[in-house]
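Please read the structure below before turning to the comments.
Read the numbers this way: they start at 1 and go in the same order the structure lists the ligands and their atoms.
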Amino acid sequence: MKTRIAKLMCEEALQTEEGASVIEEAGEIIRRGGLVAFPTETVYGLGADAVNKAAAKKIYEAKGRPSDNPLIVHIAYISQLAEIAGKISPEMKALSDAFWPGPLTMIVNQREGEPLIPRETTGGLSTVAVRFPSHPIANALIRESGRMIAAPSANLSGRPSPTTGQHVIEDLDGKVDMIIDSGSVDIGLESTIIDLTGDVPMVLRPGYITRDELSKVLGAVELDPAVAGIEGSAPPKAPGMRYRHYAPKAHLTIVEKKSDLAESLQERIINEALTAMEKGLKTAIICADENAHLYEGLENVKVYDIGRFSDDDEIAGNLFSVLRKCDEDGMERIFSEGFDTPRLGGAIMNRLLKAAGHDILEI
Ligand code: AMP
Ligand code: MG
């Protein structure tokens, strides 16, 4: 398939005739059941008409995504949530007032009677994930299409989520009808997912909006025990959290310091990296900007500075592109510091641990 790649670099571009015609074209593709990759404030999404079963199936094919992993339905009017759920509950109202449009996905029950969103989109579940993104291009596209747009992240299944148009092109050129390239996204981590279908609201995937922020609006909010890493808990409630994900091609180990007595974290990382390098593996270190100088002068080990520990927005924004860069550079063995920062540390480490297949070296 020939993929049309359209550049639309900023919000102002939407006001131009050319920008408007790109959105018109993309809306038309969605209406006739095609696939359009588009930017959101979190990561790029791969969109299709959420009520069109054949279109939803095409998303799974293009990504190579397991069919039991449901898609998030993107909306551009609160009334669309009411259409899906049958009503807006007080919790939905409170969350949408506080966080929409924005990086929060709500899991809700479908309305009684005939459900609106087909099982092809919900991965066979009776609940649906709904998000109202804030990115102006995402909004313009949803409105122009006149549809709700089902969209998972626009990467091949298993690869790090795409945070630039170039990442999407790498993964999906030739597999989808259109890619709207808008450069780098703002946040760089997928949305926080909160399940509103149980007795107590539960975070199924940590993201940019933290559990504390959600608690301020809702009162008690739980974290899925599987995601919290509690041993012996049931599998994660969000099917997508069960898969190995975000993984670079290299074997990645996270090195964390747990004892006061041991050598310094950086010394240990350097030793591990040199040993791997001497075995002939292309070896990398991922570190916080504050520590980058400690790894200076290492020969034949590549050091990736992921951003400042003191600014976790920066680390969140760079995480997936650093993992992709490791692939591009042909890295075979990676050692990473942990980035358990105060605000976004939970969300960042959730992704990094999955990328590492939970391989942690504690010293
Ligand atoms: P992605 O858009 O690629 O980040 O994937 C969407 C995420 O939302 C996956 O982890 C899904 O498992 C999760 N998800 C979507 N719908 C539901 C649902 N009804 N219940 C629980 N998790 C869901
Ligand atoms: Mg994804």
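- For the pair Arg343 and Tyr208, the cation-pi test (distance below 6.0 Å, angle within 45°) is passed.
- A donor and an acceptor atom, one from each side chain of Thr197 and Asn109, are nowhere located under 3.5 Å apart.
- Side chain to side chain, Arg131 and Thr40 meet the donor-acceptor criterion of an N or O pair below 3.5 Å.
- Ligand 1 has Leu204 within reach: a non-hydrogen atom of the residue lies less than 4.0 Å from it.
- Contacts between Ile193 and ligand 1, counted as non-hydrogen atom pairs separated by less than 4.0 Å, involve the side chain only.
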Output, in order, the C-alpha distance, side-chain angles, deciding distance and verdict of side-chain hydrogen bond (donor to acceptor under 3.5 Å, both in side chains) for His167 and Asn155.
-> CA-CA 8 Å; His167 293 161; Asn155 51 288; over 6 Å; no
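- Relative to the six-membered ring of Tyr77, Arg143 meets both conditions, a distance below 6.0 Å and an angle of at most 45° to the axis.
- Below 3.5 Å of separation, one finds no N or O of Ile107 facing any N or O of ligand 1.
- With hydrogens left out, the protein atom closest to atom 1 (P) of ligand 1 is Ser153 N, 3.7 Å, a heavy atom.
- In this structure, the protein non-hydrogen atom closest to atom 5 (O) of ligand 1 is Arg65 NH2, 3.1 Å.
- The contact set between ligand 1 and Pro152, taken as ligand atoms under 4.0 Å from a residue heavy atom, comprises 1 (P), 2 (O), 3 (O).
- For ligand 1, the atoms sitting less than 4.0 Å from at least one non-hydrogen atom of Arg205 are 1 (P), 4 (O), 7 (C), numbered in the order shown with element in parentheses.
- When each of Ile180, Leu141, Asp186 is checked for a side chain to side chain contact (heavy atoms under 4.5 Å, CB included) with Pro39, only Ile180 meets the rule.
- When all heavy atoms of Leu71 and Ala150 are compared, the pair lying nearest together is CD1-CB, 3.9 Å.
- Rounding to the nearest 0.5 Å places OG1 of Thr341 at 3.5 Å from CG of Asp312.
- Among the backbone and side-chain atoms of Ser161, no N/O/S atom is found under 2.8 Å from the Mg ion (ligand 2).
- In Asn69, the part holding a heavy atom less than 4.0 Å from any atom of ligand 1 is the side chain.
- Counting atoms of ligand 1 from 1 in the listed order, those under 4.0 Å from a heavy atom of Leu125 are 18 (C), 19 (N), 20 (N).
- Atom 19 (N) of ligand 1 has as its closest protein heavy atom Thr127 OG1, 3.0 Å.
- The distance criterion of under 3.5 Å between nitrogen or oxygen atoms is met by Gly240 with respect to ligand 1.
- The cationic group of Lys63 does not satisfy the cation-pi geometry with Tyr60, failing either the under 6.0 Å distance to the six-membered ring centre or the 45° limit from the ring axis.
- For atom 14 (N) of ligand 1, the nearest non-hydrogen atom of the protein is Pro70 CG, 3.7 Å.
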